[in-house]
Amino acid sequence: MSKSRAWAEIDLSRIAHNVEEVRALIPATSKIMGIVKADAYGHGAVECTRALEACGVDFFGVSSVDEAVELREHGIRSEILILGYTPPQHFGLLAAHDLIQTLVDLSYAQKLDAFAAEANVTIRAHAKADTGMNRIGVTVQDGEYHIEELLAMYAMQHVQVCGIFSHFSVSDSHTADDLAFTAHQIELFERVLADLRAAGYDPGTTHLQNSYGILNYPQLSYDYVRPGLLYMGVTSDDEIAINTAPDFLPILSLKANVTMVKWLRPGDTVSYGRHFKVERPTKVATVSIGYADGLPRLISNQGIEVLLHGQRVKIIGNICMDQLMLDVTELEPVQEGDVVTLIGEDGEERVSVDAISRASHTINNETLTRITARVPRIYKK
Ligand SMILES: *Cc1c(COP(=O)(O)O)cnc(C)c1O
């Protein structure tokens with residue numbers, strides 16, 4: 001498998017396991033909308049979508065029309081919802097590829113309706129109800145409750161609103177304030193659904209929960225749940241407690257080759273800035289992966305461990321653009337071509353994306369999406 005200097009292995013067979021873990025949490029009447037935006041968080045949108053389809057997932061969420069068209073051009077026929085904004089000059093692609101557009105606000109919906117009228121097409125859409133995230137959507141909150149805007153959307157002639165959703169902003173949190181906030185978001189969403197029904201509209205397909213919404217509020221019974229991270233087998237941050245205990249298997253491993261091994265003497269220093277000073281005779285392995293592959297430079301000099309020969313070894317010195325160095329003094333023998341695991345398993349040992357995210361002060365969502373395009377993705381079926 002080690003054709004390149006650095007590569008990511010994606011074990012698609014584990015997606016089926018993770019999907020079943022999600023299904024075990026949610027009501028039997030709820031279905032999964034696979035969120036495959038940002039190239040499925042760096043895992044490969046087309047490959048992940050196909051693997052999810054094979055598990056019976058029939059609805060996908062992406063962030064943009066370009067991502068949706070990429071799926072269509074690779075033969076994906078399932079429903080696709082664009083979760084974000086599509087610029088008006090690309091409205092034509094929505095009808096051409098039978099995509100569902102999120103309505104970010106009423107004036108946007110009216111523009112889309114006017115376009116569809118002019119083009120003599122019907123464009124399907126889901127309305128976004130903003131219950132507190134304050135990102136996109138019609139504001140339906142205390143004091144500013146614009147149900148009339150949602151009703152106007154549902155009344156449109158050329159845009160067919162066939163669903164409605166909202167988004168949690170603190171479903172990962174267990175503080176009293178945040179629990180109350182999430183409970184209120186649910187109440188507001190319920191109120192919107194009741195008001196639509198009272199006005200004679202069928203709200204259509206309903207969905208609310210992202211990954212933490214599923215993990216902490218699994219009892220909610222909307223038509224769909226919207227996991228991204230969960231089918232990839234990770235959460236945003238392993239230290240955040242969750243209310244359920246699913247058994248997810250991470251599907252991504254990040255690996256690279258040893259390119260050179262040498263001994264250094266006390267007093268020698270390693271890498272830019274000379275931050276690592278050798279104190280005892282030290283065997284150093286150079287590895288062909290760096291920050292231009294997406295490994296954050298911020299994790300340098302923090303004693304981060306990776307795997308080699310099934311054992312934990314430390315990164316030493318500053319991470320370079322294309323290379324980094326390891327202290328392999330305790331390992332015998334290490335040679336050029338040996339495979340280093342930066343995320344994943346080797347023998348009995350495992351290093352998680354979480355350690356890299358923690359050391360670089362971010363969440364796994366960001367670390368995974370930042371593995372760059374020059375790292376080939378290799379798929380295990
Ligand atoms: C990204 C996104 C999701 C998926 O989030 P995860 O935390 O990865 O599950 C769900 N819904 C919306 C609207 C999103 O933007």
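Each ligand, and each atom within it, is numbered from 1 in the order the structure gives. Owing to the predicted nature of the structure, the values given are computational and were not obtained by experimental measurement.
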Quiz item: Would you say the ring centroid of Y224 lies under 6.0 angstrom from that of F59?
Solution: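 Yes, the ring centres sit under 6.0 Å apart.
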Practice problem: Please list, chain by chain and in numerical order, all residues satisfying side chain to side chain donor-acceptor pair (under 3.5 Å) with E330, sequence neighbours excluded. | Solution: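 Here the qualifying residues are R280.
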Could you list which atoms of ligand 1 come closer than 4.0 Å to a heavy atom of [X]?
| X | answer |
| --- | --- |
| R226 | 3 (C), 4 (C), 9 (O), 10 (C), 11 (N), 12 (C), 13 (C) |
| P227 | 9 (O) |
| G228 | 4 (C), 6 (P), 8 (O), 9 (O) |
| S211 | 6 (P), 7 (O), 8 (O), 9 (O) |

Self-check item: Min heavy-atom dist M232 to ligand 1 below 4.0 Å
Solution: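 Judged by the 4.0 Å heavy-atom criterion, M232 does not count as contacting ligand 1.
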Quiz item: With a 4.0 Å cut-off on heavy atoms, does Y41 reach ligand 1?
Solution: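 Yes.
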Quiz item: Relative to Y145, does R191 satisfy both conditions: NZ or CZ under 6.0 angstrom from the six-membered ring centre, and within 45 degrees of the ring's axis?
Solution: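 Relative to the ring axis of Y145, which defines the angle, R191 lies inside both limits.
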Quiz item: Looking only at protein heavy atoms, which one is nearest to atom 13 (C) of ligand 1, and how far off is it?
Solution: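 Heavy-atom neighbour on the protein nearest atom 13 (C) of ligand 1: H167 ND1, 3.6 Å.
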Practice problem: Considering only non-hydrogen protein atoms, determine which one is nearest to atom 1 (C) of ligand 1 and report residue, atom name and distance to 0.1 Å. | Solution: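 Protein heavy atom at minimum distance: K37 NZ, 1.4 Å.
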Quiz item: Can you tell which part of Q209 has a heavy atom less than 4.0 Å from ligand 1: side chain, backbone, both or neither?
Solution: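 The answer is neither.
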Quiz item: Which residue, D293, N257, D322, forms the side-chain hydrogen bond (donor to acceptor under 3.5 Å, both in side chains) with R5?
Solution: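 Exactly one option meets the side-chain hydrogen bond (donor to acceptor under 3.5 Å, both in side chains) with R5, and it is D293.
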Quiz item: Using the ring of each side chain (for Trp, its six-membered ring), is Y222 parallel, tilted or perpendicular to F189, with breaks at 30° and 60°?
Solution: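 Plane angle over 60°, so perpendicular.
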Quiz item: Looking just at side-chain N and O atoms, do S288 and T259 make a donor-acceptor pair shorter than 3.5 Å?
Solution: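 T259 and S288 do not have a side-chain donor-acceptor pair below 3.5 Å.
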Quiz item: Going by the side-chain hydrogen bond (donor to acceptor under 3.5 Å, both in side chains) test, which pairs reach into residues 117-126, not counting sequence neighbours?
Solution: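 Output for this query lists E79-R124, D98-R124, H126-H207.
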